[in-house]
Each structure stands twice: as C-alpha cells, then as structure tokens.
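For reference, the structure is listed below as structure tokens.
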Amino acid sequence: MSNCLLQACNIKKTYGTVVKTEVLKGIDLSIQQGEFASLIGYSGSGKTTLLNILGALDKPTEGEVKFNGQKISAMQDEELAYFRNSNLGFIFQFHHLLPDFSVLENVLIPTWIKDGTANKNRIERAKELLEMVGLKDRINNNANDISGGQQQRVAIARALINEPSLILADEPTGNLDSDTTEQVYALMRDLNEKLQTSFLIVTHNDHIAAKSDRVIEIKDGNITKDFMTKEKEEGEIWQDLAPCYCKLKDERESVL
Amino acid sequence: MKFELKLALRFLKAGKGQTLFIMLGIAIGVAVQIFLGTLITGLQEDLVNATVGKSPHIVLRSESTKITQREQDDDSLLSTEGNFIKDERSLSNWEPFLTYLDSQEQLTAVSPVVSGNAFLIKSGLRSPLVIRGIDSDRADDIYRFEEVTTSGSYQLSGNQSLIGSEIARTYALDIGDSFLIELAGGTSEIFIVSGIFDLGTQGINETWVFLDLIRAQRLLDFGGNISSIELQVSEVFKADQIANQLDRELIGADFTNWKDENASLLSALNSQSSSSYTIQFFVLMAITLGIASVLAVSVVQKQRQIGILKAMGTSSKSARNIFILQGAILGFLGAMLGVFLGFLLIQGFLFGTAAATGDPLFALNIRFNQTMVILLITTLASIISAVIPARNSAKLNPIDVMKG
Ligand SMILES: Nc1ncnc2c1ncn2[C@@H]1O[C@H](COP(=O)(O)OP(=O)(O)O)[C@@H](O)[C@H]1O
Ligand SMILES: [Mg+2]
C-alpha cells in the first residue's frame with residue numbers, strides 16, 4: 001500500500017452559535033500519495049466544508065488533520081500559510097485567477113509568495129506547465145481575456161507550480177460545458193500520473209467519478225461510501241470499508 | 001517584501017483612475033503645504049530682514065569689571081577690564097576679543113563701537129545726537145553702508161562723519177559741510193559731512209552720527225576703550241542660542257540679542273507660523289482620510305483576490321503589507337508630485353507679483369529641509385492611513401470571500 005499523505009480523524013464541524021448545525025459529524029479519511037480521488041455527495045452535504053478543513057483554510061470544531069504526520073491545527077498563521085503554499089494546490093469552482101495579472105504571472109504567483117520572485121527555472125517550469133495544459137500561446141494574455149475552460153486550466157497549472165503533494169479541487173468543472181469538463185479531467189488525470197500528485201476532487205459528475213481511483217461519498221455529514229473503482233469492477237463493494245486507510249494499515253502491520 | 005511590493009504596484013496600476021485621482025489629491029495638498037510654507041518663511045524672512053538686517057543681532061558689553069575666557073588648553077587666555085569710572089561700562093584690551101570673535105564660524109560681522117550722547121549745533125539750532133564711533137569696514141558688515149549711503153562715501157577718517165538723512169534734511173547739511181558736536185561737559189569739536197545714510201528707521205536717521213572709532217574714543221574720552229562689540233550671525237533665528245553659547249565662553253560679558261528685544265515681533269511671527277502649521281495639519285488630515293478611504297474601498301474590491309492569494313499561501317502579515325506599501329507608494333509619489341506642483345505655484349506667484357510691481361514682492365526659496373520634512377511626514381501619514389485598510393485585508397478569511 002502507498003504512503004499515507006493526509007489523515008483526518010473524527011472531523012466535526014458545527015456552524016452557528018444559537019442554532020447549531022452539525023455539518024460534519026465525525027469524518028475519518030485519509031488520502032494516499034499519488035491517489036486520484038473523487039468526493040461526491042448532494043449539494044449541502046458538506047463537501048466544500050470538508051475540503052476547506054483538509055486544506056487548512058478552515059478549522060474543524062473537533063478532530064485533527066495531519067499532513068505527513070504533522071498536526072495542522074498546531075500551526076500559526078505564517079507557518080500555515082507557508083504550509084499551504086508548499087504542500088497544497090487549490091482549484092476552485094470559479095477559477096479565481098487574479099484579473100490584474102497575465103496568464104503566466106498567475107501561474108507564477110505561488111512561486112512569488114514562496115520566494116518573493118521567480119527565477120529563470122521557475123519561469124521555465126511555468127511555461128512547461130502552461131504547455132501541458134495547452135495554453136502555451138496564451139501566456140502573455142491577461143487572465144480575463146481567455147475563456148472559462150482556459151482559465152480553469154491556468155488554475156490547474158498554478159496549483160501545480162510549487163510541486164505540491166496534494167491538489168484539492170472543489171467542483172473545478174462546475175461551470176464548464178461537458179466537452180471542456182472532459183478535457184480538464186483528462187488533464188488532471190494525466191498530471192496525476194506524470195507527476196504523482198495526489199488529487200481530491202469534489203464533483204457532481206458520476207462519469208468523472210467513475211474514472212477516478214477512488215470514490216468517496218458524503219451524506220449528511222458522514223462518509224457513506226468509500227471504494228476503489230478498480231475493485232468495484234471486480235464486484236467487490238467497498239461501502240463497508242474501514243474509513244481510515246492508515247488505521248487499517250496500522251492494524252494490518254500489527255497483525256503481521 | 002518583494003512579493004508584497006510587486007502586488008502593491010500591480011494593484012495600484014490596475015486601479016489607474018483611482019490611483020491617479022488620489023495621487024493628484026495628495027499632490028495638491030502637498031503643493032499647498034509647500035507653497036504656504038515657503039510663502040510664510042519668505043514673508044517672515046523679509047520681515048526679519050527689514051527688522052534686523054541692518055542692525056546688530058548680538059551686542060557684547062561688559063557686565064562685571066572683568067571678562068575672561070573660560071579656561072583654555074593653551075595659555076592664550078583672554079581678559080579685559082571693565083571701566084566704571086564714568087558710570088559707563090566700557091571695555092579695555094578688547095582687541096584679543098575681536099580676534100577670538102572673528103574666528104567664530106557662526107558670526108558674519110564683528111564690529112567694535114564707541115557710543116555716547118552729544119548735541120549737534122548748527123546755525124544756532126541744537127538737537128541731541130547719538131555718536132557711534134566705528135571701524136568703517138567692520139561696521140559695513142552690519143550696516144551695509146554700500147546700500148544705505150545715499151550720497152558721499154562711508155569711509156571715515158579724521159573728522160569725517162556719516163550722518164542720518166533726517167539730520168541732513170533738518171540742518172540742510174550736504175557733503176563737505178561742517179557742523180559742531182558738543183558734549184554734555186562742554187567740549188566741542190567740528191566735523192565734516194562725508195556721507196549721508198538712510199537706515200530706514202526715523203529715530204536713527206534723526207539722531208545717529210557715525211565717526212571714526214579713534215576720533216570718537218578721543219572725543220568721548222574713552223582712551224583706548226570701547227563701549228560694545230556688535231555682532232551679526234548667519235542664522236538670524238539662532239541669535240539667542242549663539243549669544244548663550246558665547247556667554248558661557250566669555251565669563252563676565254553681557255550679551256543682548258535681537259530676539260529678546262523684539263519679543264512682540266517674534267510672537268507675531270510665531271502665531272503666524274502656528275496658524276500655517278494648523279493649515280498644514282488639516283491638509284495632512286485630508287490627505288490621510290483620502291488615502292484611507294481609497295484603500296478601504298480597494299480592499300473590498302480586491303477581497304476575492306486577497307482571498308485567493310491567502311489560499312495559495314499568502315500570510316496575513318503579507319496581505320497587510322500589500323496595503324501598507326500601497327499607502328506608502330501613494331503618499332511618496334503623490335508628495336513628490338506635490339513638491340513639483342508647489343514649485344510651479346511658487347514660480348507662478350513670483351512671476352505674478354513681478355508682473356504687477358516689476359520686482360517680486362519678496363524672495364521665495366524652497367527649503368530643502370522643509371521639503372524633506374513634508375515628504376517624510378506625508379509618506380508616514382500615508383502609511384498610517386493605510387493601517388486600517390491593511391488590517392481589514394489581513395483579517396479577510398479566504399473561505400468567506402471565495403464563496404460563490
Ligand atoms: N459559513 C457557514 N455558516 C453556516 N452554515 C454554513 C456555512 N458554510 C456552509 N454552511 C452549511 O453547511 C452545509 C454544507 O455546506 P457545503 O460544505 O458548502 O456543502 P457542499 O459543498 O457539499 O454543497 C450547508 O447546509 C451550508 O448551508
Ligand atoms: Mg460546495
């Protein structure tokens with residue numbers, strides 16, 4: 001079994017102080033190195049909330065997130081910012097490029113944040129990534145002057161520039177047409193295989209989900225399904241799978 | 001900081017209209033400050049120059065019977081004896097003091113004077129006189145004889161005299177004419193008019209007569225003594241400080257300076273300055289509020305961008321600094337532009353007043369120091385005004401601003 005990259009244990013999230021709504025009710029989840037996983041569920045089921053907590057953008061009401069064994073909740077603002085910058089890539093539904101910058105500059109922003117500026121190597125890398133996402137001839141365009149699908153591909157290149165080990169994508173194709181959706185997924189899948197970057201993607205698209213390594217379904221704040229697509233084809237239902245791979249792995253090791 | 005600077009510059013560039021607008025606002029404010037400051041300084045200098053330009057700034061007299069210099073390493077100790085015989089404090093052995101004062105950097109004029117009262121007698125008329133025995137060249141450093149001598153020459157020797165224009169008018173005295181000076185004791189001597197001056201003050205023009213120092217010493221029975229040493233300083237407003245400094249050095253000497261004697265003028269100047277500061281303060285307030293509100297709006301406009309930057313790993317501190325830097329850049333560049341505009345305004349003013357009167361009303365010089373202070377204060381105030389917007393930027397939560 002591959003290495004455990006991210007491990008969330010008993011994540012609970014409650015909104016509101018007077019009327020309390022428990023959105024996440026004790027999620028156990030771990031993501032492996034190099035894994036391409038889909039997170040599915042009805043609207044309002046808590047997918048975004050979970051993703052934000054896993055990406056250290058939000059704090060759980062209860063529970064612990066560990067990244068490479070390091071507790072995220074223990075980090076202070078600057079440490080946390082540095083952690084996000086070097087380990088995580090985000091792709092949002094509304095692409096969120098910075099309109100005041102060019103395509104190439106948008107891809108370089110995570111590098112700027114890290115090093116203050118981008119050296120030649122990084123600029124070359126950004127161009128390579130833009131070539132990979134098929135936007136080589138658009139690098140000097142303003143971020144607002146390209147189509148939605150192109151913007152989302154820029155966002156993917158941007159998420160990859162600092163070579164993070166995990167990319168969290170929240171409905172990255174939510175407002176793209178189906179052809180473009182297909183292309184963007186093919187691209188992410190390709191990059192996942194080439195660079196061994198893990199992906200956790202929130203999606204409504206069953207078709208896409210079926211093509212991932214792993215599907216996680218969340219319902220009413222709990223994980224209701226979590227299975228490997230490979231195994232499912234073999235007829236094995238992973239619905240009752242132990243929620244924490246790492247725990248499973250540890251148990252296995254202790255058994256051995 | 002490089003990253004923050006890059007973002008700050010880009011944000012300013014992206015909001016071109018806003019940036020130019022607020023910068024122009026700052027520039028106008030600073031231009032007003034520069035113009036006002038220069039105008040008031042010029043006006044005050046003009047006024048002070050009229051008051052003390054052609055008179056001593058500091059006068060040294062004998063306070064006790066003995067003046068000595070504070071102990072020195074070498075044995076060139078200065079010392080003089082006061083002479084109280086005639087109830088007229090006079091200085092003896094004053095030449096070494098002259099040498100000492102000549103060596104002082106801040107002093108631009110050092111002039112020994114013998115003075116006393118007498119009467120002028122001419123054609124049966126008689127009026128009081130103030131006798132000023134001087135060394136023409138040294139006194140010229142103070143009284144600018146070149147400028148004030150309306151006819152004749154100011155070089156004095158023997159029984160030559162330089163008389164006030166009012167005396168000349170009253171007694172119809174012209175160059176080469178003679179008149180009699182009579183002392184209270186009854187001694188009298190004849191003097192020749194070699195020059196007529198107009199020092200711009202009625203009282204002086206009516207009573208003063210400049211005589212050669214040696215001749216005056218003899219006339220007034222001073223022997224080799226003098227009454228006082230008159231001084232001018234390069235920085236007029238430091239006259240009191242310099243006098244104090246000299247006072248500490250020369251024990252037993254009594255110093256008076258123009259500032260003590262013109263307290264009411266100075267308090268008028270001070271209140272003028274403080275009203276100018278008040279105006280400058282409110283201009284600064286307006287600038288600060290302008291920047292603060294523009295940046296506050298900018299933070300709201302850019303909150304999505306800030307959110308995404310934070311999600312990508314920009315710390316709250318960096319998010320704050322981006323806006324602090326914008327404030328600093330706006331303030332500094334605006335102020336620079338303002339200095340330029342202020343300079344144009346002053347040139348315009350000089351040109352305008354010159355067109356009306358043929359000569360500029362008075363000299364206006366932009367002060368380097370004053371300008372630097374305004375630049376610095378404006379930049380600092382701009383940074384301070386950016387603090388609240390910057391704090392809002394630091395507080396932005398990425399998940400709140402990126403929803404939907
Ligand atoms: N900041 C918030 N305050 C209160 N309730 C929230 C907040 N964010 C999300 N929720 C609620 O939590 C639930 C889950 O939201 P979300 O995680 O966005 O769902 P999903 O992404 O699966 O559609 C929803 O019912 C939503 O209304
Ligand atoms: Mg969502």
Side-chain angles (χ1 to χ4, degrees), chain A residues 13 15 48-49 51-53 55-59 75-102 105-119 142-144 155 158-162 164 168 170-171 174-175, chain B residues 1-20 294-295 297-326 329-330 389-404:
Chain A
K13 181 71 179 179
Y15 282 120
T48 298
T49 307
L51 210 68
N52 286 341
I53 290 171
L57 290 175
D58 203 357
K59 283 188 160 48
M75 296 183 187
Q76 293 300 307
D77 178 73
E78 275 191 67
E79 197 184 350
L80 205 59
Y82 182 79
F83 162 77
R84 274 206 296 267
N85 180 253
S86 41
N87 295 303
L88 298 178
F90 289 93
I91 304 170
F92 303 96
Q93 179 171 2
F94 304 97
H95 37 77
H96 292 312
L97 297 184
L98 300 201
D100 300 333
F101 293 84
S102 74
E105 286 172 329
N106 262 283
V107 175
L108 286 170
I109 285 171
T111 314
W112 293 349
I113 295 172
K114 193 175 197 169
D115 304 327
T117 183
N119 63 26
N142 185 280
N144 272 346
R158 183 180 64 188
L160 285 163
I161 185 74
N162 277 359
L168 299 167
D170 194 357
E171 303 186 41
N175 57 351
Chain B
M1 218 48 165
K2 246 180 179 171
F3 159 72
E4 287 97 322
L5 187 62
K6 197 176 287 198
L7 267 285
L9 286 171
R10 190 59 67 91
F11 280 174
L12 287 175
K13 205 177 133 200
K16 244 173 274 152
Q18 259 173 24
T19 304
L20 283 181
V294 162
L295 288 181
V297 169
S298 175
V299 169
V300 175
Q301 285 173 336
K302 303 216 182 298
Q303 56 179 355
R304 261 175 162 240
Q305 299 196 47
I306 298 160
I308 188 81
L309 284 168
K310 283 188 151 182
M312 290 191 296
T314 302
S315 65
S316 295
K317 201 172 123 197
S318 287
R320 185 194 68 204
N321 288 343
I322 289 169
F323 283 85
I324 296 278
L325 279 171
Q326 287 186 66
I329 293 165
L330 280 175
R391 232 181 25 207
N392 292 342
S393 163
K395 277 195 292 204
L396 281 180
N397 185 347
I399 57 170
D400 289 341
V401 296
M402 288 191 306
K403 269 181 202 150

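Scope of the values below: all heavy atoms of this structure, side chains included, with no hydrogens, waters or symmetry mates. Convention: sequence-line order gives letters A, B, ...; per-chain numbering from 1.
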Looking at [atom1] of [X] and [atom2] of [Y], how far apart are the two atoms once the value is rounded to the nearest 0.5 Å?
X      : Y      : atom1 : atom2 : answer
A:R84  : B:T314 : CZ    : OG1   : 9.0 Å
B:R10  : A:L98  : CZ    : CG    : 10.0 Å
A:I113 : B:L7   : CD1   : CG    : 7.5 Å
A:D115 : B:F3   : CG    : CZ    : 11.5 Å
A:F101 : B:Q305 : CZ    : CD    : 7.0 Å
B:I399 : A:L51  : CD1   : CG    : 11.0 Å

Heavy-atom side-chain contact between B:M312 and A:N162 under 4.5 Å: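 Not touching, per the 4.5 Å side-chain cut-off.
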Is it the backbone or the side chain of A:E79 that comes under 4.5 Å from a heavy atom of chain B, or both, or neither?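 A:E79 has no heavy atom closer than 4.5 Å to chain B.
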Pick whichever of B:P398, B:A311, B:S315 has the most heavy-atom pairs under 4.5 Å with chain A.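 Option with the top pair count is B:A311.
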Minimal non-hydrogen separation, A:R158 against B:I308, with atom names: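 Heavy-atom minimum between the residues: NH2-CD1, 3.5 Å.
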Do you know which of A:P99, A:P110, A:G89 has the most heavy-atom pairs under 4.5 Å to chain B?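 That would be A:P99.
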Return yes if some donor-acceptor pair links the side-chain N/O of A:D100 with the main-chain N/O of B:A14 below 3.5 Å, else return no.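 No; judged by distance alone, with no hydrogens or angles, the pair does not exist.
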Can you establish whether the number of heavy atoms outside A:F83 located under 6.0 Å from its atom CZ is more than 12?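 Atom CZ in A:F83 is crowded, with more than 12 foreign heavy atoms closer than 6.0 Å.
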Measure [X] against the heavy atoms of chain A and call it side chain, backbone, both or neither at under 4.5 Å.
X      : result
B:L5   : neither
B:K13  : neither
B:S318 : neither

